[in-house]
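Taking it in order: structure first as structure tokens, then the write-up.
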Amino acid sequence: MSKTVRLDKTDRRILMVLQQEGRISNIELARRVSLSPSPCLRRLQRLEEEGVIDRYVALVNPEKLGVGLLAYVNVSLDKRNPQATDAFKQVVHHWPEVTECYAMTGEMDYLLRVMVTDLQHFSRFVMDKVLKQAGVLDVKSSFALEGVKRTTALPIETLAEED
């Protein structure tokens with residue numbers, strides 16, 4: 001677990017703005033958080049250096065690219081085979097269909113968020129990749145019917161005051 005970074009009210013406001021508008025200019029960011037540009041830039045650089053800001057990305061609309069089927073896949077592995085777990089964790093990084101993967105508590109061992117073009121693509125992914133992986137005992141899938149909320153923003157406004 002990495003060390004928590006202390007943030008004051010201005011740092012939190014900077015992060016809230018950047019989570020919504022990652023390409024905002026420093027001048028506009030400074031205006032929005034009531035700072036002059038130089039101190040704003042110094043704060044931003046500190047947040048980057050301390051790893052609070054991990055990276056900048058473009059959020060691509062999957063439907064515009066024809067990647068419209070979202071599935072959540074639960075995978076159960078043979079717990080008596082630690083090599084299977086290590087191999088699974090390595091191979092999942094090479095599956096472009098998997099946008100997120102989490103080790104889980106409960107019945108299943110891993111939860112995969114899978115984005116594919118259609119049901120046929122999903123079937124090939126499960127049959128040719130997941131089920132052929134050594135140690136996979138069970139796979140259960142659920143498909144998203146409708147997106148209700150989708151965000152990458154963390155709840156910065158709920159962090160405790162440290163000013």
Shared ILVMFWY cluster between M127 and V98, side chains joined below 4.5 angstrom? yes
Flag yes if V114 and V126 sit in one hydrophobic cluster, no otherwise; membership is Ile, Leu, Val, Met, Phe, Trp, Tyr, and two members link when side-chain heavy atoms are under 4.5 Å apart. yes
Apply the test side chain to side chain contact (heavy atoms under 4.5 Å, CB included) to residues R12 and L159: give CA-CA distance (whole Å), side-chain angles for both, the deciding distance (0.1 Å), then the verdict. CA-CA 8 Å; R12 290 191 305 275; L159 297 177; 3.9 Å; yes
Measure across M16 and I156 and return the closest heavy-atom pair with its distance rounded to 0.1 Å. CG-CB, 3.5 Å
Mind running side chain to side chain contact (heavy atoms under 4.5 Å, CB included) on T85 and D109 for me, showing each step along the way? CA-CA 9 Å; T85 300; D109 299 308; over 6 Å; no
To the nearest 0.5 angstrom, please state how far the CZ atom of R23 sits from the CG atom of L29. 15.0 Å
Kindly give the heavy-atom pair with the smallest separation between L70 and R113, and that separation in Å. CD1-CG, 3.6 Å
Not counting sequence neighbours, which residues clear salt bridge (charged side-chain N to carboxylate O under 4.0 Å, His left out) with E63? List them please. none
Could I get the full list of side chain to side chain donor-acceptor pair (under 3.5 Å) partners for E21, not counting sequence neighbours? R32
Strictly below 4.0 Å, N to O, side chains only: are E28 and R31 in salt-bridge contact? yes
Please report the C-alpha distance between L7 and I14 in whole Å, then the side-chain angles of each, then the deciding distance to 0.1 Å, and finally whether the side chain to side chain contact (heavy atoms under 4.5 Å, CB included) criterion is met. CA-CA 10 Å; L7 302 173; I14 288 171; over 6 Å; no
Atom of E50, atom of V5 and distance for their closest heavy-atom approach: OE1-CG1, 2.8 Å
Which of R6, R42, R46 passes salt bridge (Lys or Arg N to Asp or Glu O under 4.0 Å) with D11? Answer is R46
Mind checking side chain to side chain donor-acceptor pair (under 3.5 Å) for E100 and listing every partner two or more places apart, or none if nothing turns up? Y102
Where do G135 and A84 come nearest, in terms of heavy atoms and distance? CA-CB, 3.7 Å
Counting neighbours of CD on E157 that are heavy atoms of other residues, nucleotides or ligands and sit closer than 6.0 Å, is the number greater than 12? yes
Joint hydrophobic cluster, V91 plus L131, side-chain heavy atoms closer than 4.5 Å: yes
Using the rule given for side chain to side chain contact (heavy atoms under 4.5 Å, CB included), can you reason through L15 versus L154, listing the C-alpha separation, both sets of side-chain angles and the distance that settles it, and then say yes or no? CA-CA 9 Å; L15 292 172; L154 296 177; over 6 Å; no
Is it possible for you to say whether L112 and F122 belong to one hydrophobic cluster, with membership spreading through side-chain heavy-atom contacts below 4.5 Å? yes
Pairs touching residues 67-90 that satisfy ring-ring contact (aromatic ring centres under 6.0 Å, His included), sequence neighbours left out: F88-W95, F88-Y110
For the hydrophobic clusters of this structure (ILVMFWY residues joined by side-chain heavy atoms under 4.5 Å, transitively), does one cluster hold both L119 and V130? yes
Point-to-point distance, once rounded to the nearest 0.5 Å, from CG of L69 to CZ of F125: 11.5 Å
Nearest-0.5 Å distance, CD of residue E48 to CG of residue L18: 8.5 Å
Looking at C40 and L35, what are the two nearest heavy atoms and their distance? CA-CD1, 3.8 Å
For I27, does the CD1 atom have more than 12 heavy-atom neighbours from other residues, nucleotides or ligands under 6.0 Å away? no
Please name all residues satisfying side chain to side chain donor-acceptor pair (under 3.5 Å) with Q20, sequence neighbours left out, ordered by chain then number. none
Mind jotting down which residue pairs meet the ring-ring contact (aromatic ring centres under 6.0 Å, His included) criterion with at least one end in residues 8-59? Sequence neighbours excluded, please. none
Compare every heavy atom of P37 with every heavy atom of N26, then report the nearest pair and how far apart it is. ND2-O, 3.0 Å
Beyond-backbone contact of V136 with L77, side-chain heavy atoms, under 4.5 angstrom: yes
Are T10 and R43 close enough that some pair of their side-chain heavy atoms sits under 4.5 Å apart? yes
Roughly how far, to the nearest 0.5 Å, is CD1 of I53 from CD of Q19? 9.0 Å
